Enquirer: 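Before I ask anything, let me first share the structure, which is written out below as structure tokens.
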Amino acid sequence: MERSTIVRVHEGLHARPATRFVKLAKGFESDVELIKDGKAVSAKSSVKLMLLAVKENQEVTVRANGADAIEAIEALIGYLENPKAGLEDEAEPQSPAKDAGQAAAPAAAPQSASSAPSQANGLRGVAASEGVAIGPAFAHFPPEIAGQGRMLQADEIAAEIDRFRAAVAAVQARMDRALAQDSLSAGDRGIVAALRDIAVDDSLTGEAEKAIKGGNDAISAIITAASTIAADFSAVDDHYLNARADDVHAVGRQICLVLLGQDDVSLENIPEGAILIADDIGAWDLARAPLKRIGGVVCGHGGATSHIAIIARSHGIPAVLGLGDQINALRTAHHVALDGNTGQVIIDPDAATRADFAGRVEAAAKERAGLTAFKTVTPKRADGRVIEVAANIGSLEEIEAAQEAGAMGVGLFRTELLFMRHMHLPSEDMQAETYAALAKAFAPYPVIVRTLDIGGDKPIAGIEFPDEENPFLGWRGIRMCLDRPDIFKRQLRALLRATVHGNVKVMLPMVADIDEVRRTRVLVDECAAELKAEDVPHATFDLGVMIETPAAVLIAPALAKEVAFFSIGTNDLTQYIMAADRLNPTVAKLNDVTNPAVLSAIELTARAGVAAGIMVGMCGEAAGRPDLIPAFIKMGLTELSMSPASIQRAKKAITAMVAGE
Ligand code: PEP
Ligand code: MG
């Protein structure tokens with residue numbers, strides 16, 4: 001018997017909802033299938049079900065055959081018609097691959113290289129996180145795993161299958177043990193659960209067993225099976241499902257390691273002060289590593305705006321990335337010195353270089369110690385006007401570092417991470433809680449939340465982006481939000497609700513036309529009216545804009561009459577004024593905020609804002625540059641927002657400037 005329905009499960013049968021569906025289906029004796037577009041798969045395999053790529057609002061049929069077919073159909077149809085099915089009862093599912101593979105909102109590249117390596121064995125990469133470091137090398141190159149490359153004899157097959165099953169059971173048990181730990185954070189739990197779902201699914205293991213029966217050794221079999229299933233995931237037209245391909249490889253790798261009797265290379269044992277050397281590190285692996293012990297990071301992959309760079313910068317870890325194949329020269333290094341300001345990396349430095357770096361590390365530590373006195377300073381201009389030195393952050397986890405640094409509020413809360421971390425769009429309630437927590441943490445200081453600034457270069461699950469030739473000139477930021485009022489209004493409603501808890505201000509990214517502000521205001525008013533009618537507590541916020549397009553600079557006088565503040569986004573403003581891609585190292589020289597063209601755009605903006613009597617701030621990376629701060633203050637900027645690591649130095653620069661030093 002069978003019954004059809006329209007799927008209401010939010011975001012469709014993605015990972016968790018799919019495995020919960022499978023769990024439910026497995027509770028029935030009957031054979032159960034799910035059919036979409038004429039294709040039927042077993043409802044008892046989460047991998048097969050995910051590969052069916054069932055989305056919200058699509059029609060599907062549940063077919064069951066067996067003693068309890070009626071009950072099975074009842075229960076499974078009920079599940080499919082519940083928008084919250086599979087999403088409510090466990091930690092948020094996250095894709096390890098997604099976390100590892102997608103960059104957070106980019107920040108500007110530190111200045112490019114200047115000095116030449118002092119030693120012949122010096123290498124040059126992308127200067128991705130400032131500071132110098134020297135220490136023992138900790139090479140993190142997980143070994144390539146290969147099968148035995150010989151066919152099994154018929155009498156070896158049964159034992160090989162047993163060996164394989166034992167390895168799968170060991171991996172499952174390891175994952176179950178990890179999930180049982182109370183200390184596991186919600187994020188970790190979601191990641192492990194997603195992997196466990198694949199490990200326990202017989203699509204992968206069944207495929208591998210078939211290959212073993214055909215005479216392949218267990219390692220070759222699981223590698224091939226993982227590649228086949230991963231290729232299926234890669235071929236689906238869905239970003240979230242594409243990311244599952246890496247999950248399948250990750251599970252396959254774990255099974256191989258057990259078969260080989262090896263442990264995975266872990267960052268847990270990195271010695272104090274060591275320099276982490278890797279071809280690539282998943283941002284997730286790095287975020288979970290004992291960051292306090294890591295002295296520096298050197299990587300073959302990555303650039304100044306990659307996820308690894310952002311993590312390194314926010315934790316004050318010097319990093320040189322993007323070394324390419326040169327990284328192989330570091331595999332056997334004992335000691336490494338690196339300069340995150342210039343991109344210089346030196347393998348096994350000689351005595352003179354060691355002494356030089358040790359001196360620089362000490363000087364940097366002294367500078368840091370001297371700067372702590374500025375943590376509590378409230379910098380003021382000569383006329384007594386307070387200059388707010390605020391933090392740029394992208395998650396609640398960064399609040400502590402910002403407060404430790406002495407941030408006077410948040411000048412840029414990038415909401416992209418909130419959207420990128422999950423496999424479905426964050427709900428209004430979840431967003432309201434996040435923004436409220438932020439507001440409460442910094443009250444009475446203001447927090448400026450930037451509405452979603454995402455585009456085709458960083459797609460997120462739940463929003464379909466068109467393929468674009470030039471994503472940076474495409475459907476991103478406010479453009480996308482205004483076209484998707486369902487997403488935008490959810491965020492605006494959450495912001496209106498959070499504003500009752502503190503001084504929330506809201507700013508719009510990528511504004512190029514005054515109409516974008518006006519249309520946003522209409523939506524804000526609509527949201528406020530809805531909340532009022534629903535009796536939901538809310539309060540109005542100040543609405544400002546980022547000035548990061550040349551168009552916004554040129555219409556700044558008109559914009560200033562319509563908004564409460566400006567915040568200059570020098571990262572994008574520089575790339576758009578100079579027509580130099582901020583991610584392209586070959587035009588890094590042009591991507592220079594000190595170019596007179598960019599400084600003149602900043603000045604025009606400041607003049608327009610000051611004339612209209614609104615606050616003019618800056619949240620691009622240039623805001624934290626002590627060499628430029630005096631010029632910005634003279635132009636009339638009264639708020640500077642930057643990575644927490646730059647705050648004390650900026651406060652010092654303002655204090656020195658006012659004192660006439
Ligand atoms: C900017 O463009 O300067 C900015 C702060 O935004 P983002 O780096 O997130 O694009
Ligand atoms: Mg920007």
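Both ligands and their constituent atoms are indexed starting at 1 by order of listing. The shown structure was predicted, so the numbers you read here are calculated from the model rather than taken from an experiment. In what follows, every heavy atom counts, from backbone to side chain, and hydrogens, waters and symmetry copies are set aside.
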Enquirer: Sub-3.5 Å donor-acceptor pair from the side chain of Arg450 to the main-chain atoms of Glu416, do we have one?
Expert: no
Enquirer: So which of Val553, Val545, Leu637 actually passes side-chain contact (heavy atoms from CB on, under 4.5 Å) with Phe566?
Expert: Val545
Enquirer: Heavy atoms only: which of Asn571, Ile547, Asp453, Thr549 is nearest to atom 3 (O) of ligand 1?
Expert: Asn571
Enquirer: Heavy-atom contacts with Cys619 under 4.0 Å: which atoms of ligand 1 show up? List them by number with element.
Expert: 5 (C)
Enquirer: Answer yes or no: does an N/O atom from Gly569 fall short of 3.5 Å to an N/O atom of ligand 1?
Expert: yes
Enquirer: Could you list which atoms of ligand 1 come closer than 4.0 Å to a heavy atom of Leu412?
Expert: 5 (C)
Enquirer: If the test is side-chain hydrogen bond (donor to acceptor under 3.5 Å, both in side chains), which one of His538, Gln431, Glu428 qualifies with Arg493?
Expert: Glu428
Enquirer: Is a side-chain N or O of Ser643 found less than 3.5 angstrom from the main chain of Ser646, in a donor-acceptor match?
Expert: no
Enquirer: Can you name the atoms of ligand 1, numbered from 1 with element, that are less than 4.0 Å from a heavy atom of Asp572?
Expert: 1 (C), 2 (O), 3 (O), 10 (O)
Enquirer: Do the side chains of Glu516 and Leu482 get nearer than 4.5 Å, heavy atoms only?
Expert: yes
Enquirer: Between Tyr435 and Gln491, does any side-chain donor sit less than 3.5 Å from a side-chain acceptor?
Expert: yes
Enquirer: Which heavy atom in Leu418 sits nearest to a heavy atom in Pro426, and how many Å separate them?
Expert: O-CG, 3.9 Å
Enquirer: Is it the case that the side chain of Tyr576 and the backbone of Phe472 share a donor-acceptor pair, with hydrogens and angles ignored and the cut-off at 3.5 Å?
Expert: yes
Enquirer: Examine ligand 1 and decide if any of its atoms is less than 4.0 Å from a heavy atom belonging to Glu621.
Expert: no
Enquirer: If we set the cut-off at 4.0 Å for heavy atoms, which region of Asn392 has an atom near ligand 1: side chain, backbone, both, or neither?
Expert: neither
Enquirer: Within a radius below 2.8 Å of the Mg ion (ligand 2), how many protein N, O or S atoms are present?
Expert: 2
Enquirer: If you measure from each non-hydrogen atom of Met546 to ligand 1, which part falls under 4.0 Å: side chain, backbone, both or neither?
Expert: side chain
Enquirer: Is the backbone of Ala564 close enough, under 3.5 Å, to the side chain of Lys505 for a donor and an acceptor to pair up by distance?
Expert: no
Enquirer: State whether the shortest distance between N or O atoms of Arg450 and N or O atoms of ligand 1 falls below 3.5 angstrom.
Expert: yes
Enquirer: For Val511, run the side-chain contact (heavy atoms from CB on, under 4.5 Å) check against Leu559, Val563, Ile555 and tell me which one passes.
Expert: Leu559
Enquirer: Mind checking the CG-CG spacing from Leu438 to Leu396? Nearest 0.5 Å is all I need.
Expert: 6.5 Å
Enquirer: At under 4.0 Å between heavy atoms, which part of Arg582 makes contact with ligand 1: side chain, backbone, both or neither?
Expert: side chain
